Structure formats: C-alpha cells, structure tokens
Amino acid sequence: MEYIPGELELYLDAESIAYTVSQIANAVDTDSQGVSLTVIGVLKGSFMFLADLLRQIETPVANVEFLRMSSYGSNTVSSGDPHRLDELPDVVVEGRDILVIDDIVDTGLTTKNVRQYLRGKNPASLRLCCLLDKPERRQVNVHVDYIGVAVPDLFLVGYGLDVDDRYRQLPSIYSINQ
Ligand code: PRP
C-alpha cells in the first residue's frame, strides 16, 4: 500500500478524478467532430492528466507535443511571471486544431501566455483544457474551454501537481499543510 505522508490530506480521490477526466473527454469529443487534434501538454504538471485524458478521447489525435512552462519554481505560490522554457516549431501549430492540456489554472498567467504564444502561430482552432480551476486566485481573465473541477485556494499536490517537484506521482489529489 502506498505511503501517504502526514502532511497530506485527501482532496480528490482517484475514482473522482477518473470520472472528471471521462466527462472532459466526452465534451472534447462532442466538440471535435471531423477534426484531428494536435494535443499540447503544458509541462510538467499535465503529464498524468494528459495520459489519462488521451486514453479516453475518441477523436483522432494527429500529434502530441509538450511545452515546458514554469510559474511556481520551488515556491507554493505562483511567481506571477510564467516562463516558457522551450519553443514549438511553427509547423506543429499552423493550420492545426490544437487542444492544450494543463493540470490547473491559478492566476491565469500561464494560460494567457500559452494562448498568446500559440495564437501567434496561426492554428486552425485553439482550445484549452484544465483539470482544476482556482478561480479565487485569478489575476487575468482567461478563457478555458474545458474545466474539470473548481477548487478553493488550497495548495494541492498529486496527479501531476507538485510541491518543489515532489508528490507528482500520487494517483489522488491532496491538500498540503504548510
Ligand atoms: C503550474 C500548473 C500550471 C500553472 C498555473 O505549473 O501546472 O501550468 O502553474 O499557474 P498560473 O495560472 O498561476 O500561471 P508550474 O509553474 O508549477 O510548473 P509545473 O507544471 O512544472 O509544476
């Protein structure tokens, strides 16, 4: 059995996450008739959600790419200045139907940055998908097409989310006592 450190308190169990992921997959499929998606995961936090979501999506996926962004660094609050740590070739995005996948929208700055960056590469369409949304923390208005669960302003880890790169591997989501 998995060891869960005392500083963690269960917030969303693996079964609830799986249900949420399947609901998002259904919505994406409904909106994607006749297209083939280019999926772009925002690293690192999205890796587990992306892997599960793609296994549920029935829409053809033409390509899977990743974009590395960082806003928290080793802090427990967003820096307010998300950095793009790598680049995508224009050809990956231009004329493609893009689905961006991220684990959480907090201040919205990462989402805004990613949207602007990809929009500048002239995709045929651009949709964003996030498992978790922390609306209380929003600093900028961003449009997110698919949101799994709205959450309060707790520091959450597990299922890809980390504190200082720890706990990403946990299959459930936990709040961490600070
Ligand atoms: C987290 C998360 C989102 C972003 C959301 O990434 O994965 O990409 O922060 O925060 P924002 O809405 O305030 O911009 P983080 O920078 O922690 O990097 P990571 O994915 O590598 O953990």
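Both counts, for ligands and for their atoms, begin at 1 and track the order of listing. Quick caveat: nothing in here was measured; it's all calculated off a predicted structure. Residue indices begin at 1 and follow the sequence shown.
In terms of N/O distances under 3.5 Å, ligand 1 is approached by R168.
Residue contacts with ligand 1, taken as heavy atom pairs separated by less than 4.0 Å, involve D103 solely via side-chain atoms from C-beta onward. Only the backbone of L43 comes within contact range of ligand 1, with a heavy atom under 4.0 Å; no side-chain atom does.
Residues in residues 121-132 take part in these side-chain hydrogen bond (donor to acceptor under 3.5 Å, both in side chains) pairs, two or more places apart or across chains: S32-R127, D90-K121, D97-S125, R127-Y146. Within the structure, the salt bridge (Lys or Arg N to Asp or Glu O under 4.0 Å) test picks out the following pairs touching residues 4-15 (sequence neighbours left out): E7-R166.
For the residue pair T38 / N63, no side-chain donor-acceptor distance below 3.5 Å is found, with atom types taken as modelled. No donor-acceptor contact under 3.5 angstrom links the side chains of Q169 and Y159, judged on distance only.
If you number the atoms of ligand 1 from 1 as listed, the ones under 4.0 Å from a heavy atom of D162 come out as 22 (O). Within ligand 1, counting atoms from 1 as listed, the ones closer than 4.0 Å to a heavy atom of G45 are 19 (P), 20 (O). Residue K44 has at least one heavy-atom neighbour below 4.0 Å for each of these atoms of ligand 1: 19 (P), 20 (O), 21 (O). For ligand 1 and M69, the ligand atoms under 4.0 Å from any heavy atom of the residue are 18 (O).
Side-chain atoms of T20 come within 3.5 Å of backbone atoms of S16 as a donor-acceptor pair (strictly under, hydrogens ignored).
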Would you please test D29 and T59 for side chain to side chain donor-acceptor pair (under 3.5 Å) and show each step? CA-CA 6 Å; D29 283 335; T59 303; 2.6 Å; yes
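For atom 8 (O) of ligand 1, the nearest non-hydrogen atom from the set L67, D102, T107 comes from D102. Taking all heavy atoms of V114, I104, L109, L161 into account, the minimum distance to atom 5 (C) of ligand 1 is reached by I104.
Using a 4.0 Å cut-off between charged nitrogen and carboxylate oxygen, R137 and D106 count as a salt-bridge pair.
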